[in-house]
Amino acid sequence: MDYRLKNLLAKAVMQVCLLLFVVFLAFPLVWMLSTSLKPNPEIYARVPSLIPKEPTLDHFRVAFGQQDLLSGIYNSFKIGVISSLVVLVLAVPAAYALVRFKTVINKSVMAWILVSQLFPSILIIIPLFVVLRNLALTNSHIGIILVYTVWSLPFVLWMMRSYVQGIPEELEEAAFIDGCSRLQVLSKIVFPLLLPGIVASGLFAFVSAWNEFFFALVLLKSPKLTTLPVYLSRFTGSEGMTRLGPLAASCLVATIPTLVVFTFLQKGLVSGLMSGAVKQ
Amino acid sequence: MKRHSWLGQLGLVLPFLIPVVLFSVIPLLRGIYLGFTDYRFGFEMRFNGLENYRYMLTDRYFWSSFRVGAIWTIGTTLGQVVLGLALAQLLNADLFGYRLARVLVLVPWAMPPVIRGLMWNMVLLPDTSGPVNHLLMQAGLISQPINWLSSVSWALPSIILVGIWGGLPQASIVLLAGLQAIPKELYEAASLDGAGVFSQFRYVTLPALKPVITSLVSLRFMWNFNAFGLVYTLTQGGPGGRTRLPMLFAYEEAFRYGNAGYSAALGNVMVLVVSLLVVLYIRRELKESEV
């Protein structure tokens with residue numbers, strides 16, 4: 001009896017702790033949502049309330065009326081899509097080759113993936129900035145797409161490698177024996193099996209480009225070309241504080257793609273990270 | 001089939017290798033070299049050996065930014081791993097609503113760092129219209145609203161809290177995965193031997209999680225030390241450099257003042273410090289597990 005009571009008490013305490021964690025982690029987003037729906041007097045009220053008394057979509061209207069926000073969304077989307085497609089085109093064949101044929105290249109590529117995690121981006125951006133400027137690619141989308149491609153390649157290759165490893169080689173050999181050509185094996189056996197992994201890696205590359213801030217801040221100067229994070233970062237300090245409503249609305253809009261991708265990928269993401277983390 | 005493998009592999013890997021070498025390996029090597037020059041954007045470059053590093057030793061801003069960086073990195077890494085472990089235990093405990101919690105917990109992860117910063121700007125508003133100030137005053141814990149992000153004493157603790165918040169989801173999910181990989185029989189055997197909850201945690205959970213924790217701490221340490229976007233939007237390094245992390249310092253040196261060579265030298269020191277600490281840490285952990 002005593003034991004059961006103690007157990008129950010422990011469960012209750014844990015339940016409360018879990019609730020506190022969830023509130024801590026989710027509250028800022030909830031608050032931003034509430035700010036985006038409140039009319040101005042409520043935002044700056046001396047006594048704030050979580051639930052808007054007279055909810056309004058005005059801030060969203062104001063936000064979408066801003067040309068710079070729209071071009072920011074467009075630029076981020078375009079850069080994200082193109083760079084993730086390029087990453088996939090480069091990484092998928094490479095990952096396949098690295099898994100199926102074991103040669104000297106493997107070790108050096110793997111070593112590079114690990115080393116590249118260690119270096120702060122400042123070391124790479126200074127020479128890259130000089131090179132891109134000499135090629136007239138600073139303040140251009142080609143330049144930033146190039147940088148994002150190279151930046152997410154190591155991780156996407158790492159992900160794709162584990163997906164390829166998941167396909168038994170016997171499957172391919174069986175297809176060969178049944179008279180498939182190399183091309184047929186790749187297109188009819190390997191590719192369909194890899195597709196979920198390709199989608200996941202592509203989305204990962206898209207999200208990291210969508211979220212990236214440092215390189216865009218350095219490389220893109222003109223407001224027309226800039227990405228969403230750089231546009232939003234201008235509203236730090238006093239400028240943003242006077243326009244909290246539209247800022248909250250813009251931030252929500254900017255978060256939607258990543259939130260969608262995350263809920264979509266949640267399962268795969270967790271298990272993918274698991275395999276990476278536990279194997280070591 | 002295997003005879004042409006070397007050439008075949010090269011053919012498939014080359015399109016990947018060329019951009020990586022051109023735009024990642026070479027710039028990185030060049031960046032390291034720049035740290036030994038007096039390069040300023042738009043000027044001639046001259047090799048100056050260890051001059052940058054000699055200057056660094058006397059640079060007040062360097063010392064203060066690395067001090068801030070050390071406090072930030074240790075604070076956020078420790079917070080993320082310790083709280084992440086607690087959260088992972090809770091998520092693993094079959095509590096009410098744990099499925100929903102597992103999704104909600106991921107929220108900060110899905111947000112771009114810049115938006116994390118802007119969001120916390122709203123939560124930590126300096127006057128009573130900010131919810132944190134409001135709640136703390138309601139609870140009677142403070143009598144005046146606190147200017148969390150621009151007060152000399154509160155700015156660093158505040159950004160550390162936000163940093164922990166941002167890294168907690170990833171840390172707890174990785175640890176949760178580790179927890180789920182521990183065979184249930186181990187706990188059954190331990191409790192048959194009379195081990196309570198705490199000794200089960202001490203003698204079953206922790207040793208089993210050791211490899212996961214080691215890799216998590218190392219990765220988190222590197223990522224936190226090199227953080228930029230979040231703090232840039234929260235405080236821009238202020239007030240008076242109290243939150244100027246090494247990356248912010250190096251960024252300002254290069255792209256505000258044009259001191260590219262000195263900035264690259266700062267980058268070199270950052271790599272050196274981080275890799276030294278991570279290598280020492282991993283070696284210690286490996287040695288312990290051998291004993």
Contact part of B/Leu95 toward chain A, heavy-atom cut-off under 4.5 Å: side chain, backbone, both or neither? both

With a 4.5 Å cut-off on heavy-atom pairs, point out which of A/Thr149, A/Val22, A/Leu18 contacts chain B the most. A/Leu18

From the list B/Asn226, B/Leu216, B/Leu14, the residue making the most non-hydrogen contacts under 4.5 Å with chain A is B/Asn226

Quick check on B/Phe96 against chain A: is it the side chain, the backbone, both or neither that has a heavy atom closer than 4.5 Å? both

What part of B/Trp165 gets closer than 4.5 Å to chain A, counting heavy atoms only: side chain, backbone, both or neither? both

Heavy-atom pair count under 4.5 Å with chain B, highest-scoring of A/Arg46, A/Arg133, A/Gln15, A/Lys11: A/Gln15

Contact origin within B/Phe255 toward chain A - heavy atom pairs under 4.5 Å: side chain

Note: vs chain A, highest number of non-hydrogen pairs under 4.5 angstrom among B/Pro108, B/Ala93, B/Gly229 is B/Pro108

Show every donor-acceptor pair shorter than 3.5 Å between a side-chain atom in residues 254-262 of chain A and any protein atom, with sequence neighbours excluded, or say none if there are none.
residue	atom	partner	partner atom	Å
A/Thr255	OG1	A/Cys251	O	2.6
A/Thr258	OG1	A/Thr255	O	2.8
A/Thr258	OG1	B/Ala110	O	2.7

Options A/Val150, A/Leu25, A/Leu146, ranked by heavy-atom pairs under 4.5 Å with chain B, top entry: A/Leu25

Chain B contacts, top residue of A/Thr35, A/Ile43, A/Leu98 (heavy-atom pairs, under 4.5 Å): A/Leu98

Considering residues at least two apart in sequence or located in another chain, which fulfil the salt bridge (charged side-chain N to carboxylate O under 4.0 Å, His left out) criterion with B/Arg256? B/Glu252

Part of A/Phe21 within contact of chain B (heavy atom distance under 4.5 Å): side chain

Need one label for B/Ile32: side chain, backbone, both or neither, based on atoms under 4.5 Å from any heavy atom in chain A. both

Tell me, side chain or backbone of B/Asn268 under 4.5 Å from chain A's heavy atoms, or both, or neither? both

Heavy-atom cut-off 4.5 Å, strictly under: side chain, backbone, both or neither for B/Val278 against chain A? neither

Name the option with the most non-hydrogen atom pairs under 4.5 Å to chain A; the candidates are B/Met270, B/Met111, B/Gln89, B/Arg30. B/Met111

Using non-hydrogen atoms only, which part of B/Val114 is less than 4.5 Å away from chain A: side chain, backbone, both, or neither? side chain

Report yes or no: does A/Ser34 contribute a side-chain atom to a donor-acceptor pair with the main-chain N or O of A/Val30 at less than 3.5 Å? no

Which bit of B/Ala264 comes within less than 4.5 Å of chain A, counting heavy atoms only: side chain, backbone, both or neither? both

With a 4.5 angstrom heavy-atom cut-off, could you sort out which part of B/Leu87 is near chain A: side chain, backbone, both or neither? both

Which word best sums up how the rings of B/Tyr39 and B/Phe41 line up, parallel for under 30°, tilted for 30 to 60°, or perpendicular for over 60°? perpendicular

If you count heavy-atom pairs under 4.5 Å between each of A/Val218, A/Leu228, A/Leu252 and chain B, which one has the most? A/Val218

